[in-house]
Amino acid sequence: MSGIITGTLRAVSAESLKLKGTLALRLCFIAPGLVVLLSVLQLLLSKGGQPLATPALAWERFIQGVMLLWAFLMLPLYVTLQSALLAGLEHGERQWKHLLALPLPRSAHYLGKLVVLIGMVVLATLVLAALIPLGGWVLMHAHNPLGIGGAVPWTFLGLRALVILAASGCIIGLHLWIALRWTSFTVAVATGMTATVAGFLIGQSARFGPWYPWTLPMQVFAGQGELMGQMALAGVVGGLVAAALGLWDFLRREYA
């Protein structure tokens, strides 16, 4: 076990070095920044209306709107692209044969990529949570149709960011498995895009929506948030199962 942990840490260090200056690292900032920017622009260009009852309620509505766009659309596509880019570091140069010949447990290479992918999702979520208050500040000083004001509800913001992160675990596990299983970048991206688009329909189903991996983060906002615990648990458990199956498949496959 200690050998696997040590090997995984070495693999994570190697993956981090390979990511420096790449599109994958820049996407950690571009993707959440784009979501906040689009949300702010939509409100800035709106004709305005009746502000919400209280500034605190306006803050919550703005936070929920931004995070819903992130959870429903951008997050699944972000995980899709990041996992494909991570796998492409080896697929593109056909480096697997060399990589697997190194004196490290074979599982360490898979776990290293999994840890890095999770880290990039965590970083993007933190960036999103940091930019939302900035977007609210812009609205307060430019055009404020929601009536945002007062202190940022950090507890409301932080809790939902944490639950969305947990609910995305199943997507992370599945997409890393897919990206490493097939060497084609097109297959990995097309699978993620198709699954995300399908979520537009499945996510509206009361029966299947709460269990469809690509809509678990979105379901965090269903009703009054009564599904948050269920979605977090489903995402974590589903992610562990997908990661275990992906690792099992990785260990038995031969890479040319």
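All values reported here derive from a predicted model rather than from experimental measurement.
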Heavy-atom pair with the smallest gap, counting every atom of Leu44 and His143: O-CD2, 3.5 Å
Stepwise side-chain contact (heavy atoms from CB on, under 4.5 Å) test for Leu57 and Thr54: CA-CA 5 Å; Leu57 183 60; Thr54 65; 3.3 Å; yes
Parallel, tilted or perpendicular: rings of Tyr110 and Phe250 (30°, 60°): tilted
Under 3.5 Å: donor-acceptor pair, side chain of Gln82, backbone of Ala24: yes
Student check: side-chain heavy atoms of Pro55 and Ile148 closer than 4.5 Å: no
Donor-acceptor pair, side chain of Trp59 and main chain of Gly149, under 3.5 angstrom: yes
Heavy-atom closest pair, residues Leu216 and Cys170: CD1-CB, 4.3 Å
Contacts of Trp70 that satisfy side chain to side chain donor-acceptor pair (under 3.5 Å) - sequence neighbours left out: none
For Val35 against Val66, the heavy-atom pair lying closest together: CG1-O, 3.6 Å
Shared hydrophobic cluster for Trp177 and Trp248 (ILVMFWY, side-chain gaps under 4.5 Å): no
Separation of Leu139 CG from Asn144 CG (nearest 0.5 Å): 6.0 Å
Note, Cys28 side chain near Val127 side chain (heavy atom, < 4.5 Å): no
Side chain to side chain donor-acceptor pair (under 3.5 Å) contacts touching residues 155-168 (sequence neighbours left out): none
Pairs satisfying salt bridge (Lys or Arg N to Asp or Glu O under 4.0 Å), at least one member in residues 111-139, at least two apart: Glu15-Lys113, Glu90-Lys113
Nonpolar side-chain network containing Val187, other nodes, edges under 4.5 Å: Ile178, Trp182
Audit row: His141, Val138, side-chain contact (heavy atoms from CB on, under 4.5 Å) steps and yes/no: CA-CA 5 Å; His141 291 82; Val138 171; over 6 Å; no
4.5 Å side-chain heavy-atom contact, Pro76 and Thr215: no
Residues that, via side-chain heavy atoms closer than 4.5 angstrom, fall in one hydrophobic cluster with Val197: none
Ser13 side chain vs Leu9 backbone, donor-acceptor pair below 3.5 Å: no
Distance in Å, Arg61 CZ paired with Leu43 CG, rounded so as to fall on 0.5 Å steps: 11.0 Å
Beyond-backbone contact of Met120 with Leu86, side-chain heavy atoms, under 4.5 angstrom: yes
Met218 to Ala71 - nearest heavy-atom pair and separation: N-CB, 3.9 Å
Gly135 versus Val40, closest heavy-atom pair with distance: CA-CG2, 3.7 Å
Phe29 vs Leu34, side-chain contact (heavy atoms from CB on, under 4.5 Å): CA-CA, chis, key distance, verdict: CA-CA 9 Å; Phe29 301 90; Leu34 185 59; over 6 Å; no
Contact check, side chains of Ile164 and Phe221, non-hydrogen atoms, under 4.5 Å: yes
Approximate separation, where rounding is to 0.5 Å, of Leu68 CG and Leu75 CG: 11.5 Å
Phe62 versus Leu146, closest heavy-atom pair with distance: CB-CD1, 3.9 Å
Non-neighbouring partners of Phe200 that pass ring pair (Phe, Tyr, Trp, His ring centres under 6.0 Å), sequence neighbours left out: Phe72
Residue pair Phe156, Gln64: steps toward the side-chain contact (heavy atoms from CB on, under 4.5 Å) verdict: CA-CA 9 Å; Phe156 183 91; Gln64 185 163 307; 4.2 Å; yes
